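Reading through the structure tokens given below for one structure.
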Amino acid sequence: MRVAFVYPTKIKKDSFFGFVLPSMALERLAAAVEDIAECELFDARFENKLMDEIVRFDPAVVCVNVKTTLYSKQSYDAADSIKKRIPGAVIVLGGLHATSCPEEALAHGDFVITGEGENSLREFILGVPKEKIGGLAYKSGGKITVNQKIEPPACMDSLKPPARHLRKPGYIYSAAGLIKMDLLETSRGCTHFCSFCSPASVYPSKYRTHSAEYVIEEIKTLAADGVKYCMLTDDHFGGDSGRVEKICDSIIASGIKIAFFCFIRPFAGNMDLKKKMVKAGFVMLSYGAESPDPAQLARYNKGFGESAGFIKKVNAEWLAAGACYVGNSFVFGDADDDKEVIASLGAFARGLDPTYIEPLYSQPFPATRYRETLKERGLLIEERGWDYFTEGRLLIRHPQLSEDELKKLRARMWVDFFSPRKATGVFRVPLYFYRTLEIPLRSVLKYMKACDYSVFGCILEDKFYKDLYYDMIDDYFGRAMKEFEPRELDMTENFDAFTDMLKLVPLKRLLENHDIVINVADDKKSIAASLCLKIRGGKILIARAAPKDQRPRSGRGRGIERTDFYAPMFLLKPAMAGASVLSRNLAVILLIIYNALFSNFFLKLSKALLKKLLTHLSF
């Protein structure tokens with residue numbers, strides 16, 4: 001029997017930090033049945049003629065992934081098209097969204113497997129009567145039957161590793177096409193049950209793991225394949241700290257160098273484990289802070305009563321342990337969220353001191369307790385379909401704020417969060433890629449370029465705030481810079497190391513004993529803000545931003561010179577937020593030409609170069 005496994009969703013290349021990742025679910029399903037069926041994987045992101053390729057394979061069974069609510073229509077459309085092209089094929093749908101909405105999914109297929117599908121699909125392929133297959137949904141006699149889901153295996157080692165060998169040569173999974181990526185699953189479920197969590201609605205509070213031995217073998221497989229960047233699919237990697245420690249010990253002993261990104265519930269203390277995780281490569285972590293409001297935390301069933309002190313402590317511990325990315329997610333826009341709390345969220349998040357934030361609109365996913373509560377209160381915007389479900393769109397009626405007001409408040413969150421200090425905090429990840437993983441500089445810089453819109457809070461397919469980009473830049477230099485506390489204006493950390501990575505050591509040596517001042521000029525041609533770099537002994541000893549009324553004075557001291565570079569708003573805005581790569585690059589070129597004509601930067605640079613040459617010739 002031929003079985004096709006279809007990932008039907010196309011995602012734009014500049015979304016989600018440019019990540020293009022495999023379908024772990026389909027690969028695990030294929031691994032469960034490939035000894036009893038001929039299997040082939042089809043990924044719509046790489047197939048120019050997806051339907052033609054599936055028809056060529058002529059499968060008897062087609063498994064279609066319907067995981068993400070946002071993309072459910074694409075999955076359904078693909079299933080409908082396959083049925084039209086291959087009428088005799090049996091269409092089986094599965095995934096998180098199909099599990100939550102089996103009756104809906106059955107309108108586009110013959111069967112739906114709800115819950116974890118490996119064992120159920122195997123029984124289906126073996127011909128077990130449909131009435132006896134756990135989690136199977138089907139139509140019979142004009143009625144829909146959904147069998148009770150089977151109890152998932154307590155130890156996941158009974159499941160076979162993903163069938164990665166089914167990937168075709170052209171299926172390249174990477175970060176922006178530059179850094180080889182893959183997925184790793186070490187556990188399923190969570191130790192907790194947040195009310196809005198869609199995965200938790202499938203098997204509430206059933207946390208199960210692979211053994212440390214299984215996980216390290218998977219990691220060795222990834223390393224042998226050249227993977228440098230790996231995302232864990234786990235909802236909570238750290239649910240068993242003893243297991244995590246064993247995994248880390250094995251990675252460290254093996255000498256494997258991979259950067260891991262994992263989702264984890266925040267925990268305070270246990271610094272030895274945190275340091276060991278970072279040493280093993282778990283340097284990028286994300287967890288929910290959710291809200292400054294204890295009442296909202298209780299409503300979300302977060303398991304901690306306040307985020308101000310607790311999350312701040314956890315963030316500080318991870319950074320002290322050496323993590324290079326610490327992300328905090330926030331849920332906002334709920335009907336009970338106070339307008340003032342939402343407006344203060346960016347500044348609140350900055351005070352918690354993560355390296356990045358993910359402010360997400362409240363999303364009432366199907367089958368969650370949160371959705372049912374909102375539905376009972378009549379607060380759902382039900383006319384908005386599943387294709388509206390994403391973190392940047394309003395799905396709940398708010399009593400105080402319109403959608404446009406919430407959109408502007410979310411844009412302000414990013415402005416209030418990304419102080420100059422936070423902006424240079426993003427240097428940690430590329431430095432880790434370059435220094436520890438030894439990824440070529442060109443690839444690291446191109447990856448940074450692919451992620452440059454993240455400072456506007458736009459990592460999704462649709463750049464929801466592109467009409468506000470210029471306003472955000474104006475707000476940043478016109479208001480926010482004046483409100484940042486002194487600590488948040490200090491950009492010194494990693495600035496010198498980052499310029500070393502850029503191979504700018506000769507330039508710094510040339511400009512030693514210089515104060516380089518980068519001035520942002522507003523539309524009225526007055527200086528809105530400045531960045532002063534103090535170069536001494538070939539190193540940037542101090543990098544500090546300043547608002548208009550705190551501009552640095554001229555260089556003082558014997559032999560200290562001041563060199564100014566100007567970034568007028570009419571060029572800075574398109575350089576940062578132009579509509580296309582071409583327009584942004586053109587603005588950068590014009591910035592250089594502008595300074596060649598109107599600043600002393602190139603004059604001082606030439607003078608320093610001449611001085612060096614004369615000094616060299618004198619010997």
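None of these values were measured; they are calculated from a predicted model.
Centroid-to-centroid, the aromatic rings of Phe417 and Trp414 stay 6.0 Å apart or farther. In this structure, Tyr325 has its ring center under 6.0 Å from that of Phe261. Remark: aromatic rings of Tyr447 and Phe17 are distant, center separation not under 6.0 Å. For Phe237 and Phe260, the ring centers are positioned 6.0 Å apart or more.
Remark: Asp475 does not engage Lys408 in a salt bridge, criterion side-chain N to carboxylate O under 4.0 Å. Between Arg85 and Asp80, no side-chain nitrogen of the basic residue sits less than 4.0 Å from a carboxylate oxygen of the acidic one, so the salt-bridge criterion is not met. Between Asp515 and Lys534, at least one side-chain nitrogen of the basic residue sits less than 4.0 Å from a carboxylate oxygen of the acidic one, meeting the salt-bridge criterion. Between Glu47 and Arg56, no side-chain nitrogen of the basic residue sits less than 4.0 Å from a carboxylate oxygen of the acidic one, so the salt-bridge criterion is not met. Looking at Asp225 and Arg167, no side-chain N of the basic residue comes within less than 4.0 Å of a carboxylate O on the acidic one, giving no salt bridge. A salt bridge links Arg562 to Asp564: one of the charged nitrogens lies within less than 4.0 Å of a carboxylate oxygen. Under the 4.0 Å criterion applied to side-chain N and carboxylate O atoms, Arg421 and Glu493 are not assigned as salt-bridge partners. Checked for salt-bridge contact, Arg393 and Glu403 miss the test: no charged N lies under 4.0 Å from a carboxylate O. The pair Lys168-Asp43 does not meet the salt-bridge criterion, since no charged nitrogen lies less than 4.0 angstrom from a carboxylate oxygen. Using a cut-off of 4.0 Å between Lys/Arg side-chain N and Asp/Glu carboxylate O, Lys539 and Asp496 are scored as salt-bridged. A salt bridge is defined here as a Lys NZ or Arg NE, NH1 or NH2 lying under 4.0 Å from an Asp or Glu carboxylate O, and Glu483 with Arg479 meets this definition.
Summarising the geometry of Pro506 relative to Lys503, their closest heavy-atom pair is CD-O, 3.7 Å, with the distance given to 0.1 Å. Nearest heavy-atom pair, Leu183 versus Arg164, reported as atom, atom and distance to 0.1 Å: O-NH2, 3.4 Å. The two atoms that bring Met231 and Phe263 nearest to each other are CE-CE1, 4.1 Å, heavy atoms only. Of all heavy-atom pairs spanning Glu27 and Pro22, the tightest one is OE2-CB, 3.8 Å. Ala543 and Phe495 make their closest contact through CB-CD1, 3.8 Å (heavy atoms, listed as atom of the first residue, atom of the second, distance).
Ring pair Phe46/Tyr171 is parallel by interplanar angle, where below 30° counts as parallel and above 60° as perpendicular. Using the six-membered ring where Trp is involved, Tyr76 and His108 have ring planes that are parallel, under 30° apart on the 30 and 60° scheme. By the 30° and 60° cut-offs, the orientation of the rings of Phe570 relative to Tyr594 is perpendicular. Relative ring orientation between Tyr361 and Phe332 is described as tilted, the plane-to-plane angle lying within the 30° to 60° band.
The shortest distance between side-chain heavy atoms of Ser23 and Leu41 does not fall below 4.5 Å. Residues Tyr476 and Phe484 form a side-chain contact, since some pair of their non-hydrogen atoms from C-beta on lies under 4.5 Å apart. Contact annotation: the side chain of Met413 approaches that of Ile342 to within less than 4.5 Å [non-hydrogen atoms, C-beta and beyond]. At least one side-chain heavy atom of Asn328 sits under 4.5 Å from a side-chain heavy atom of Ile311.
There is a side-chain donor-acceptor pair under 3.5 Å between Ser583 and Ser580. Between the side chains of Thr436 and Lys257, not a single donor N or O lies within less than 3.5 Å of an accepting N or O.
When atom types are taken as modelled, the side chain of Arg584 and the backbone of Gly578 share a donor-acceptor pair closer than 3.5 angstrom. The closest donor-acceptor contact from the side chain of Thr68 to the backbone of Leu70 lies at 3.5 Å or more, if one exists at all. Counting only distance, with no hydrogens or angles, the side chain of His97 and the backbone of Phe365 share no donor-acceptor pair below 3.5 Å.
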Tell me, with the steps shown, if Tyr173 and Lys180 meet side-chain contact (heavy atoms from CB on, under 4.5 Å). CA-CA 6 Å; Tyr173 299 107; Lys180 191 163 188 176; over 6 Å; no

ask   = What do the steps show when you test Lys422 against Thr355 for side chain to side chain donor-acceptor pair (under 3.5 Å), and what is the final call?
value = CA-CA 6 Å; Lys422 289 289 186 294; Thr355 64; over 6 Å; no

Under the side chain to side chain donor-acceptor pair (under 3.5 Å) criterion, do Tyr287 and Asn315 qualify, and how do the steps go? CA-CA 10 Å; Tyr287 40 86; Asn315 289 344; 2.5 Å; yes

Might you work through the side chain to side chain donor-acceptor pair (under 3.5 Å) test for Thr492 and Asp490, ending with a clear yes or no?
CA-CA 6 Å; Thr492 305; Asp490 191 342; 2.6 Å; yes

- Chi angles and distances behind the side chain to side chain donor-acceptor pair (under 3.5 Å) call for Ser419, Glu488: CA-CA 6 Å; Ser419 66; Glu488 294 299 324; 2.5 Å; yes

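How far CG of Asp416 is from CZ of Phe348: 13.5 Å, rounded to the nearest 0.5 Å.
Put simply, the residue from Tyr465, Tyr469, Phe418, Tyr470 that forms a ring-ring contact (aromatic ring centres under 6.0 Å, His included) with Phe456 is Tyr469.
Not counting sequence neighbours, the partners of Ala528 by the side chain to side chain contact (heavy atoms under 4.5 Å, CB included) test are Phe477, Asp522.
Other residues, nucleotides and ligands contribute over 12 non-hydrogen atoms within 6.0 Å of the NZ atom of Lys407. Lys449 NZ: more than 12 foreign heavy atoms inside a 6.0 Å radius.
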